[in-house]
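What follows is a set of notes on a single structure, which appears directly below.
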Amino acid sequence: MATSKLQALWNHPAGPKTIHFWAPTFKWGISIANIADFAKPPEKLSYPQQFAVTATGIIWSRYSMVITPKNWNLFSVNVAMAGTGLYQLSRKIRHDYFNEEEAAALKE
C-alpha cells in the first residue's frame, strides 16, 4: 500500500522527478526566513520586501490552482508566503503609524 502511494507520488506530473516539485520545495526557504524574522524588531522590516513576498504569495497561489497539473506544494508555499508577508506588513504598519499616536497620547 505505502509502496503504491510512493510510486504514485514519484510518477506524478508534479512529482520529485520534475522542476514542478523542487521549485516550490526550495521556495519554502523564503517563508521559513520570514518566520525567523518574526523576532526582528519591526523598524528593521522593509515595506518593499514584505510587499513583494505578499504579492508573490497571492498571485502564485491563484496561478497554482489554474495550471495543469494542480500543484498543491506550490499552492501551500504561496499561501504561507502571503500569510507571513501580511503578518510582517501588519507589524511594520502598527509600529510606524500607530505607536506614534500612542506615544503622543502618553506624553499629554
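Both backbone and side-chain heavy atoms feed into the values below; hydrogens, waters and symmetry mates do not. None of the values given here were measured: they were computed from a predicted structure.
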Are I32 and F38 connected in the hydrophobic side-chain network, where two residues link if heavy atoms are under 4.5 Å apart? no
Non-hydrogen atoms of V53 and I30 that approach each other most closely: CG2-CG2, 4.4 Å
If hydrophobic clusters are built by linking Ile, Leu, Val, Met, Phe, Trp and Tyr wherever their side-chain heavy atoms come under 4.5 Å apart, do W72 and V79 end up in the same one? yes
Could you walk me through whether K27 and W60 pass the side-chain contact (heavy atoms from CB on, under 4.5 Å) test, one step at a time? CA-CA 12 Å; K27 197 173 183 180; W60 286 96; 4.3 Å; yes
N11 side chain near K17 side chain, heavy-atom distance below 4.5 Å: yes
Determine whether the side chains of T56 and N78 contain a donor N or O and an acceptor N or O closer than 3.5 Å. no
K70 side chain near F75 side chain, heavy-atom distance below 4.5 Å: no
I want to check something: taking the side chain as every heavy atom from C-beta on, are W28 and S76 in contact at a cut-off of under 4.5 Å? yes
Heavy-atom closest contact (M81 atom, S31 atom, distance): CG-OG, 3.2 Å
Exercise: identify the closest heavy-atom pair between E43 and K92: O-NZ, 3.5 Å
Could you check whether any side-chain N or O of N71 sits under 3.5 Å from a backbone N or O of L74, counting only pairs where one atom can act as donor and the other as acceptor? yes
d(T54 OG1, L86 CG) to nearest 0.5 Å is 4.5 Å
Give me the ring orientation class for W22 and F26: parallel if the planes are under 30° apart, tilted from 30 to 60°, perpendicular past 60°. tilted
Minimum side-chain heavy-atom gap N34-Q88 below 4.5 Å: yes
Are a donor atom and an acceptor atom from the side chains of D96 and Y47 found within less than 3.5 Å of each other? yes
Close side-chain approach of T25 and F21, heavy atoms under 4.5 Å: yes
When you measure from the side chain of R91 to the backbone of L45, do you find a donor-acceptor pair of N or O atoms at a distance under 3.5 Å? no
Out of curiosity, Q7 CD to T3 OG1, how far, rounded to the nearest 0.5 Å? 8.5 Å
Using side-chain heavy atoms (C-beta onward) and a distance below 4.5 Å, is Y63 in contact with I67? yes
Give me the atom names and distance for the closest heavy-atom approach of P42 to H95. CB-CB, 3.5 Å
Which pair of heavy atoms, one from G57 and one from S61, lies closest together, and at what distance? O-OG, 2.6 Å
